[in-house]
Amino acid sequence: DKELHSGWLKKRSRHGIWQKRLFLLDASSLTYYSKRPHTFQLTDWKDCIADAGSTSGQFMILFEGTAPEVFPERRLQAHAAFVSPLVLMA
């Protein structure tokens, strides 16, 4: 699919460490890259929730579905503070 947006965000690991990752959004999926790509289908996307108590740009991306990478629920915690904003690539 054609890339719609890409850019750097920080993603919180399961150990609570913020890690800079390249994210790519296309018409059907969201992928972030570390040692390997981690792809989530947008059909499994449920919500994107801003952290109301934070002024640092933190938010959570929530996926739900039957796919192994999201079953039963997968939450990605991210923030955009001090990182290059997503750039429109269309």
Side-chain angles (χ1 to χ4, degrees):
D1 285 331
K2 183 177 178 184
E3 180 180 322
L4 300 175
H5 294 278
S6 66
W8 295 94
L9 294 172
K10 288 190 176 179
K11 180 196 141 316
R12 186 181 297 220
S13 75
R14 65 184 121 182
H15 303 291
I17 300 168
W18 288 103
Q19 303 164 324
K20 188 175 177 181
R21 298 288 184 249
L22 177 63
F23 279 75
L24 183 139
L25 176 68
D26 64 34
S28 64
S29 64
L30 174 69
T31 301
Y32 74 87
Y33 296 87
S34 56
K35 292 180 181 177
R36 64 177 181 83
H38 299 266
T39 300
F40 303 92
Q41 299 305 311
L42 295 183
T43 54
D44 293 326
W45 176 79
K46 178 147 174 98
D47 207 351
C48 187
I49 306 163
D51 182 350
S54 172
T55 58
S56 66
Q58 291 184 27
F59 59 97
M60 183 182 327
I61 305 167
L62 178 62
F63 293 92
E64 288 182 354
T66 57
E69 63 273 6
V70 297
F71 178 78
E73 178 181 276
R74 175 72 189 268
R75 296 171 181 240
L76 296 178
Q77 292 183 344
H79 81 59
F82 309 110
V83 183
S84 300
L86 291 177
V87 177
L88 182 61
M89 302 298 288

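What you see is a predicted model; the values in this text were computed from it and never measured.
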Rounded to the nearest 0.5 Å, what separates atom CD1 in Ile17 from atom NZ in Lys11? 10.5 Å
Under the 3.5 angstrom rule, does the side chain of Trp45 hit a backbone N or O of Asp47 as a donor-acceptor pair? yes
Parallel, tilted or perpendicular: which fits the ring planes of Tyr32 and His38, with parallel below 30° and perpendicular above 60°? parallel
Listed partners of Phe40 passing ring-ring contact (aromatic ring centres under 6.0 Å, His included), at least two apart: Phe63
With sequence neighbours left out, what residues match Arg75 under salt bridge (Lys or Arg N to Asp or Glu O under 4.0 Å)? Glu73
With side-chain contact (heavy atoms from CB on, under 4.5 Å) as the criterion, how do Thr31 and Asp26 come out once you've worked through the C-alpha distance, each side chain's angles and the decisive distance to 0.1 Å? CA-CA 9 Å; Thr31 301; Asp26 64 34; 5.7 Å; no
Rounded to the nearest 0.5 Å, what's the gap from CG on Leu9 to CD1 on Ile61? Could you check? 7.0 Å
Linked, directly or transitively: Met60 and Leu76 (ILVMFWY side chains, under 4.5 Å): no
Residues Gln41 and Ser28: closest non-hydrogen pair is OE1-O, 3.3 Å
What distance do Glu69 atom CD and Asp44 atom CG have between them, rounded to the nearest 0.5 Å? 6.5 Å
Below 4.5 Å, heavy atoms only, C-beta onward: do Glu64 and Pro72 meet side chain to side chain? no
Should Phe59 and Leu42 be counted in the same cluster of Ile, Leu, Val, Met, Phe, Trp and Tyr side chains packed under 4.5 Å apart? yes
May I ask whether Val70 and Leu62 are part of the same hydrophobic cluster, defined by side-chain heavy atoms of I, L, V, M, F, W, Y residues being less than 4.5 angstrom apart, directly or through others? no
Kindly compute the distance separating CD (Gln19) from NZ (Lys10), expressed to the nearest 0.5 Å. 10.5 Å
